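None of these values were measured; they are calculated from a predicted model.
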Amino acid sequence: MQSNITIWHSLSKYLGLGISPEKGANSTLFCAQSSQLKNISGKFFDSQNQEITLPKIATDIHLAKQLWERSLLWSGCQNTKTNETINYDNFSGISGPYTLKLDSQEIGQITKTIFAEILPKPPGKLLFLRLLKFLWKLKFGSAFLLLVQIWKQEFHMERHLDSPGIWKICQDEKLLAKLQEYLGEKLVLWRSELWVNYPAKQLIPLWHRDSYPKLLSGVGKTINVYIALTEVNKFNGFEFIANTKKERNLSVKMTDPFSGNDFFEVTKKLAENSVPVILKPGQFVMFTDELIHRSVCNTSGKIRLSLTLRVTQPSVEVLPNYNPNYQQSVLL
């Protein structure tokens, strides 16, 4: 809970501004004690006990209902769990949902470990020396990612390298089977990211593709895996534009100078017809570098946690240009 009382509010009584607490309580006491208001409801009175004429917006019942429902979402008082399921195989560039072999109890335990022991702790010591090394070698993208994680005190990248729990997810039999269907027998994991979307926050609000043209070189296929570790729904997850290959009105708004990923200007009509990703803990979807997507503002009142894996084939070279904890890619 954060108060909106500023230092100026505190100083106002010494500067002779505003009214005293006694006068401020007049209208409240009047409404509570006056017999002439016994059968009156929904009216407002000022410090002189005079009725205040409300503006039109304050009497809009429909708007008040919307605000109430939205407040329930923001505060987490409304049940946002849903039994809705969507078959993403019907869309271009995304497939699923699939389910890990790990059961709900194992997923729950890994999730607790992530919050308690993985996110708050860096994957290695001597962060300052690593930062200087990046700057010395002019790897400004890697330095930027490391600084962001230090500032947020959340070390969310490449934790498959040092976390047995995350590595256990990466080695899940059902996950590997689906990846091999698409990429073949040999699988190269070149990046992992933990995504924590807190209430009222939005991780990446811009529409984008995860193509990484400045990080990947060579001929071969790549795939992105999005794994839900807590419930993912239309109130806290991510959404995508369906069938973007048919859309010719998409323009590039900007390009990430480090990864090369494009961010797009999407029309209001397209955005309104976006498709939400809905997953239960332990479910996952796979999507290609053609999928245009973004995270949604978390209005569920609950923290959403997911794990993204970037996987490719051995024929694709991974360039160490934009990584705060670079090591060689690993075979799954």
Side-chain angles (χ1 to χ4, degrees), residues 76 78-89 94-121 123 149 152 154-183 187 189-199 201 203-204 210 223-240 276-287 293 295-296 298-311 330-332:
Q78 180 166 301
N79 183 13
T80 55
K81 289 191 175 183
T82 175
N83 293 322
E84 182 182 1
T85 57
I86 299 177
N87 182 4
Y88 298 106
D89 293 338
I94 187 171
S95 63
Y98 310 111
T99 304
L100 298 174
K101 186 176 181 181
L102 294 170
D103 60 33
S104 58
Q105 186 175 357
E106 291 173 300
I107 293 294
Q109 185 56 53
I110 291 173
T111 299
K112 289 181 180 178
T113 302
I114 288 172
F115 281 119
E117 301 177 14
I118 299 174
L119 282 172
K121 300 177 183 179
Q149 292 183 92
K152 293 177 66 176
E154 279 189 357
F155 299 90
H156 64 279
M157 298 188 68
E158 323 307 359
R159 301 314 297 269
H160 64 279
L161 296 171
D162 71 310
S163 168
I166 294 178
W167 182 245
K168 188 175 183 179
I169 295 175
C170 298
Q171 290 288 292
D172 185 90
E173 290 182 18
K174 290 186 177 180
L175 170 64
L176 294 179
K178 285 298 175 184
L179 286 170
Q180 288 172 339
E181 285 180 18
Y182 183 78
L183 295 175
L187 305 170
L189 174 62
W190 66 274
R191 169 166 287 185
S192 71
E193 296 149 319
L194 289 165
W195 295 104
V196 188
N197 199 9
Y198 293 96
K201 300 294 183 180
L203 291 173
I204 304 180
D210 291 338
I223 197 71
N224 305 286
V225 185
Y226 181 92
I227 305 169
L229 299 179
T230 59
E231 183 183 16
V232 173
N233 54 45
K234 61 184 179 181
F235 302 107
N236 67 11
F238 80 93
E239 56 190 357
F240 64 91
V277 171
I278 298 174
L279 301 170
K280 296 177 181 177
Q283 290 187 320
F284 65 95
V285 292
M286 302 196 307
F287 61 94
H293 61 286
S295 63
V296 301
N298 185 351
T299 59
S300 69
K302 299 177 176 65
I303 298 175
R304 183 263 290 173
L305 176 66
S306 56
L307 171 66
T308 299
L309 307 178
R310 317 288 184 186
V311 188
V330 296
L331 291 174
L332 295 176

query = Knowing that exactly one of Asp172, Leu309, Leu187 qualifies, which makes a side chain to side chain contact (heavy atoms under 4.5 Å, CB included) with Leu179?
reply = Leu187
request  = Output the distance between atom CD1 (Ile94) and atom CG (Asn87), rounded to the nearest 0.5 Å.
outcome  =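 So the CD1 of Ile94 and the CG of Asn87 are separated by 10.5 Å.
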Ion pair Lys302/Glu231, N-O distance below 4.0 Å =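 Salt bridge absent between Lys302 and Glu231.
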Measure from the side-chain N and O atoms of [X] to the backbone N and O of [Y], and report whether any donor-acceptor pair falls under 3.5 Å.
X: Arg159; Y: Ile118; value: yes
X: Asn224; Y: Arg310; value: no
X: Asn197; Y: Arg304; value: no

key: Aromatic plane relationship, Phe287 with Phe238 - under 30° parallel, 30 to 60° tilted, over 60° perpendicular   = tilted
Within the 4.5 Å heavy-atom criterion, are [X] and [Y] side-chain neighbours or not?
X: Thr230; Y: Asn236; result: no
X: Trp195; Y: Ile204; result: yes
X: Thr308; Y: Ser192; result: no
X: Glu239; Y: His293; result: no
X: Ile278; Y: Tyr88; result: yes
X: Thr111; Y: Pro281; result: no

